[in-house]
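The sequence lines fix the lettering, A, B, ..., with proteins before strands; numbering per chain opens at 1. Just so you know, these numbers come straight off a predicted model, no measurement behind them. Side-chain atoms are counted along with the backbone in the values below, which use heavy atoms only and exclude waters and symmetry mates.
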2 protein chains.
Amino acid sequence: MDDTDDTDDTPGRKPRMATMEALSVAIGVSRPTLSRYFQDPSRLKPSTCERIRQGLERVEYVPNFFATRMNRKSTGMIGVIIPYLNDLFFTRLLESIEIAAMRRGYTVIVQCSHSDPAIEARAAETFLSMNVDGALVAPLGNNSDYEVHERLNARMPFVLVDSRPRSMSDVDFVGTDHRQSTSLITDYLCRVGQPPAFLAMPRVNFNAMAREQAYIGRMKELGHEPTVIGTEPIRDDWLFEAHGQGVLEGQFSRGAFTDRSILCVNDRVAIGALRAAARHGLRPGQGAEGGLRIAGHDGYPLCPFVTPALTTIAQDVTGIGRAAIDVLVKKIRGENTETSPHIQLFAGALKVRESA
Amino acid sequence: MDDTDDTDDTPGRKPRMATMEALSVAIGVSRPTLSRYFQDPSRLKPSTCERIRQGLERVEYVPNFFATRMNRKSTGMIGVIIPYLNDLFFTRLLESIEIAAMRRGYTVIVQCSHSDPAIEARAAETFLSMNVDGALVAPLGNNSDYEVHERLNARMPFVLVDSRPRSMSDVDFVGTDHRQSTSLITDYLCRVGQPPAFLAMPRVNFNAMAREQAYIGRMKELGHEPTVIGTEPIRDDWLFEAHGQGVLEGQFSRGAFTDRSILCVNDRVAIGALRAAARHGLRPGQGAEGGLRIAGHDGYPLCPFVTPALTTIAQDVTGIGRAAIDVLVKKIRGENTETSPHIQLFAGALKVRESA
DNA sequence: ATATCTTTTTTACGTGCGGAAATGTTAGAC
DNA sequence: GTCTAACATTTCCGCACGTAAAAAAGATAT
């Protein structure tokens with residue numbers, strides 16, 4: 001650690017070079033040449049290139065991340081903020097984002113808000129201090145401190161994903177077209193059974209609100225009376241599943257909604273709804289005698305494995321993640337030739353299974 | 001961006017100082033004084049402290065992450081590698097790790113292997129170049145390149161979490177005591193019904209193997225004949241749920257295992273098993289007529305919401321995450337007074353629900 | 001052999017900040 | 001009022017590398 005000659009010869013291993021300087025004397029080329037080798041080997045004569053390559057095979061050297069990033073105009077890093085981790089929707093989104101970014105040669109720095117606006121703000125702060133090339137943010141919801149997003153947006157290439165605060169309508173955004181997706185499944189439910197009621201969530205999430213609005217709008221277009229339940233929180237630390245189950249158990253035990261179609265704001269709520277049905281001896285399904293049908297929204301990976309298998313709208317998570325990175329990278333590279341703001345909405349795909 | 005005076009006076013906002021130098025002239029103290037203010041304000045005279053604080057309120061300044069980290073002996077960062085994200089067990093583990101690290105004042109850098117040893121290796125490389133103070137690794141499984149872990153272990157404080165390769169038995173480890181947990185549920189299943197069969201996974205995961213072995217051992221101790229199924233992969237890109245469902249559907253359609261207790265290697269496999277049962281009209285459960293019971297392992301958050309609610313062993317994810325950070329931080333601070341290696345195993349807790 | 005071009009090396013400076021040593025300041029004791 | 005200790009602040013160098021310019025070394029053509 002304190003070797004003055006910047007090397008560390010642990011027996012049995014390759015000698016480790018701590019600095020590029022030490023590496024250069026070990027290989028026998030100058031340090032600037034090495035620097036250029038690491039950035040773009042093609043700018044060196046092939047023979048020199050080969051000599052360096054062979055030298056590198058005989059020692060262990062990994063360039064100092066901070067020193068390299070400090071001077072370069074670009075850090076090659078993209079900051080990603082997601083609201084919480086314990087939701088497979090977001091993990092799949094994150095996965096597609098990471099893979100897409102990796103392909104483009106960027107290092108992704110993930111920060112999770114853990115449902116806490118203060119942590120979200122700190123994450124933004126971290127990105128600013130790390131000079132990330134750009135930021136991809138899935139906001140927390142109504143609790144978010146928008147100034148945080150605005151500051152990021154003002155200081156670096158910035159793209160919102162998944163959910164978009166009303167106040168940030170002029171910011172680039174990639175997500176699902178909830179009007180389309182909700183209409184699609186509303187239409188389907190109207191076609192195969194009674195017009196659905198909507199099992200909502202407390203208003204803490206923009207997508208939830210967007211879907212609720214889309215449901216109401218579509219129902220009216222179809223000449224049906226919209227019915228929304230579940231906007232009141234059951235308890236404070238609610239999980240989506242517990243919320244769905246709690247709301248519906250309340251209704252079922254009053255004998256309400258036992259023979260209707262129920263469109264849930266998302267799959268996790270729907271899984272709770274299925275649970276409530278099961279506990280009340282109800283069998284929701286396509287050909288259900290009672291007429292109870294339950295559908296979700298998102299394409300949660302577990303939908304095919306619950307009983308009955310959950311009919312839902314699958315969001316194109318992979319497409320969204322990839323597109324978000326595409327837009328962000330374009331902004332980073334200054335190839336922003338398109339209309340501004342760039343709003344890209346993906347269509348949802350109907351997945352008909354057993355539950356509706 | 002190219003301001004030579006290191007400031008940026010965007011109208012309507014606080015003037016932004018790009019460097020500590022600029023900040024120092026703006027406030028009227030020397031740069032090193034500022035430096036010490038940010039590291040430990042108590043080392044400054046209260047009056048100076050107050051002057052700086054007031055100055056900071058009138059401008060916007062965030063110190064450069066790289067520059068600060070480059071010289072400090074400690075970067076204040078902990079690297080965490082997890083094998084994949086699309087599993088709520090790992091997201092919960094990660095959550096508890098992040099919260100624990102945050103409390104200790106560390107910044108967590110998460111890298112996900114995405115089931116790919118090459119990505120895992122690159123993540124380790126990143127940690128080395130970033131000079132993280134220590135690394136917490138949940139290894140990929142049999143596919144992992146152990147040299148990667150060994151290198152990290154040799155070069156920085158290092159702790160394995162969740163799963164431990166056989167070849168790394170001398171490395172600090174925090175995880176669940178699978179002998180205890182598996183025995184606990186095996187005993188329970190033997191007590192309430194027929195001795196269980198074990199629905200395993202292909203041997204790609206150490207915990208899966210450990211549980212399988214624990215099951216076999218415990219069954220023999222109890223004088224029962226162990227039965228293991230599901231060690232052959234159904235298809236290549238198998239999901240855990242699909243694996244459980246596939247294996248059991250094969251058995252059920254041959255009329256096998258329809259009236260036995262089945263202990264699944266984990267909850268995701270068990271959810272697939274429940275699905276298989278449902279598709280064959282079977283109703284696993286505590287007082288099941290046919291005698292079919294299905295139990296899992298892990299404490300997957302969805303267990304209470306599937307039908308029937310899944311009986312399982314809950315791992316103490318929060319405890320594991322917190323303990324792992326504790327050990328790692330101790331190693332980082334050189335307070336490693338205990339026996340080496342530090343092996344810390346947490347007990348699992350039986351969660352009796354409906355399915356068994 | 002000389003001129004021209006390409007490649008590499010030398011040299012030197014910059015990045016934003018940490019840290020040790022030197023300098024300045026203050027307060028208490030005489 | 002001076003001296004000294006104690007503390008506060010500044011000066012200065014260093015970190016590991018990027019980058020630019022100038023000088024040197026090869027390579028190729030004439």
Side-chain angles (χ1 to χ4, degrees), chain A residues 1-8 16-53 55 60-77 128-131 133, chain B residues 1-8 16-52 55 59-77 128-131 133:
Chain A
M1 213 163 199
D2 289 314
D3 282 0
T4 41
D5 63 349
D6 274 344
T7 65
D8 172 20
R16 175 157 56 86
M17 320 305 285
T19 76
M20 220 159 119
E21 191 70 47
L23 181 65
S24 72
V25 312
I27 296 192
V29 295
S30 74
R31 189 182 61 75
T33 303
L34 274 181
S35 177
R36 285 192 312 194
Y37 172 83
F38 286 119
Q39 292 175 59
D40 182 7
S42 75
R43 280 167 43 189
L44 264 53
K45 192 161 58 171
S47 65
T48 320
C49 240
E50 184 55 29
R51 201 150 54 94
I52 296 178
R53 190 165 10 236
E60 184 183 329
Y61 169 74
V62 11
N64 182 302
F65 194 83
F66 301 115
T68 59
R69 302 312 200 255
M70 191 157 62
N71 298 324
R72 265 201 273 255
K73 47 260 136 208
S74 159
T75 56
M77 302 192 302
L128 284 174
S129 83
M130 297 210 311
N131 289 326
D133 290 340
Chain B
M1 213 162 201
D2 289 315
D3 283 0
T4 40
D5 63 349
D6 274 343
T7 67
D8 172 21
R16 175 159 55 86
M17 322 304 286
T19 78
M20 223 158 115
E21 189 72 45
L23 181 66
S24 74
V25 312
I27 296 192
V29 295
S30 75
R31 190 186 59 72
T33 302
L34 278 180
S35 174
R36 284 194 315 190
Y37 172 82
F38 286 119
Q39 292 175 58
D40 182 7
S42 75
R43 281 168 43 192
L44 264 54
K45 194 161 54 171
S47 64
T48 321
C49 239
E50 184 54 30
R51 202 150 54 94
I52 295 178
V59 301
E60 184 183 331
Y61 168 74
V62 12
N64 182 302
F65 195 83
F66 300 116
T68 61
R69 305 305 198 248
M70 187 157 66
N71 298 325
R72 262 202 274 257
K73 49 259 137 212
S74 160
T75 55
M77 303 193 300
L128 284 175
S129 84
M130 296 210 312
N131 289 324
D133 290 340

Query raised in the report: Touch check for A:M70, heavy atoms < 4.0 angstrom, all strands: base, sugar-phosphate only, or nothing?
Result: base

Query raised in the report: Under 4.0 angstrom, heavy atoms only, what part of the nucleic acid is A:T33 near: base, sugar-phosphate, or nothing?
Result: base

Report task. Find which nucleotide of DNA chain D each of B:P46 and B:A67 is nearest to by heavy atoms, and output the residue with the more 5' nucleotide. Result -> B:P46

Report summary line: Between A:T19 and A:Y61, the two heavy atoms sitting closest are C-CE1, 3.6 Å

Query raised in the report: Given C:dT7, C:dG18, D:dG18, which nucleotide is nearest the side-chain atoms of A:K45?
Result: C:dT7

Query raised in the report: Atom CZ of A:F66 and atom C1' of C:dG14: how far apart are they, to the nearest Å?
Result: 20 Å

Requested in this report: Assign B:R69 to base, sugar-phosphate, or nothing according to its heavy-atom contacts below 4.0 angstrom with the strands shown.
Outcome: nothing

Query raised in the report: For A:T68 and A:P63, which heavy atoms make the closest approach, and how far apart are they?
Result: CG2-CB, 4.2 Å

Query raised in the report: Distance from A:L44 atom CG to A:E50 atom CD, nearest 0.5 Å?
Result: 12.0 Å

Requested in this report: Would you classify B:P63 as touching base, sugar-phosphate or nothing, given that sugar-phosphate means primed atoms plus P, OP1 and OP2, and contacts are heavy atoms under 4.0 Å?
Outcome: sugar-phosphate

Requested in this report: Identify, between A:T48 and A:R31, the residue whose nearest nucleotide on DNA chain C lies closer to the 5' end.
Outcome: A:T48

**Report entry** Gap between atom CE of B:M77 and atom CZ of B:F65 - 0.5 Å precision
**Finding:** 5.0 Å

Query - Whole-Å distance separating the CE atom of B:M130 from the P atom of D:dC17 - result: 16 Å

Query raised in the report: Between D:dT9, D:dG18, C:dT7, which nucleotide gets closest to the side-chain atoms of A:Q39?
Result: D:dG18

Report summary line: Closest heavy-atom pair, A:R31 versus A:S24, reported as atoms and distance to 0.1 Å, is N-CB, 3.7 Å

Query raised in the report: With respect to the phosphate group of D:dG18, does any side-chain polar atom (N or O) of A:S35 fall under 4.0 Å of OP1 or OP2?
Result: yes

Report summary line: Out of C:dT10, C:dC17, D:dT10, minimum distance to the side chain of A:P32 belongs to C:dT10

Requested in this report: Measure the distance from CG on A:D40 to P on D:dG18 and round it to the nearest whole Å.
Outcome: 13 Å

Query raised in the report: With distance as the sole criterion, is a donor-acceptor pair present between the side chains of B:T75 and B:N131 under 3.5 Å?
Result: no

Report task. Check the distance between C:dT9's P and A:Y37's OH and give it to me in whole angstrom. Result -> 14 Å

Requested in this report: Output the single nucleotide from C:dT9, D:dT9, D:dC17 whose closest atom is nearest the side chain of A:S30.
Outcome: C:dT9

Query raised in the report: With sugar-phosphate meaning primed atoms plus P, OP1 and OP2, does B:Y61 contact a base, only sugar-phosphate, or nothing at under 4.0 Å between heavy atoms?
Result: sugar-phosphate

**Report entry** Length of the line joining B:M20:CE and C:dG16:C1', which is rounded to integer Å
**Finding:** 9 Å

Query raised in the report: Quick one: A:L23 CG to D:dG18 P, roughly how many Å, whole number?
Result: 12 Å

Query - From D:dT11, C:dG14, D:dT19, nucleotide with atom closest to A:R72 side chain - result: D:dT19

**Report entry** Minimum-distance nucleotide to A:R36 side chain [options: C:dG18, D:dT9, C:dT8]
**Finding:** C:dT8

Report task. Using whole Å, report how far CD of A:E21 lies from P of C:dA12. Result -> 14 Å

Query raised in the report: Separation of B:L34 atom CG from D:dA8 atom P, in whole Å?
Result: 16 Å

Report summary line: Nearest-nucleotide check on DNA chain C, A:S47 vs A:N71; residue mapping nearer the 5' end is A:S47

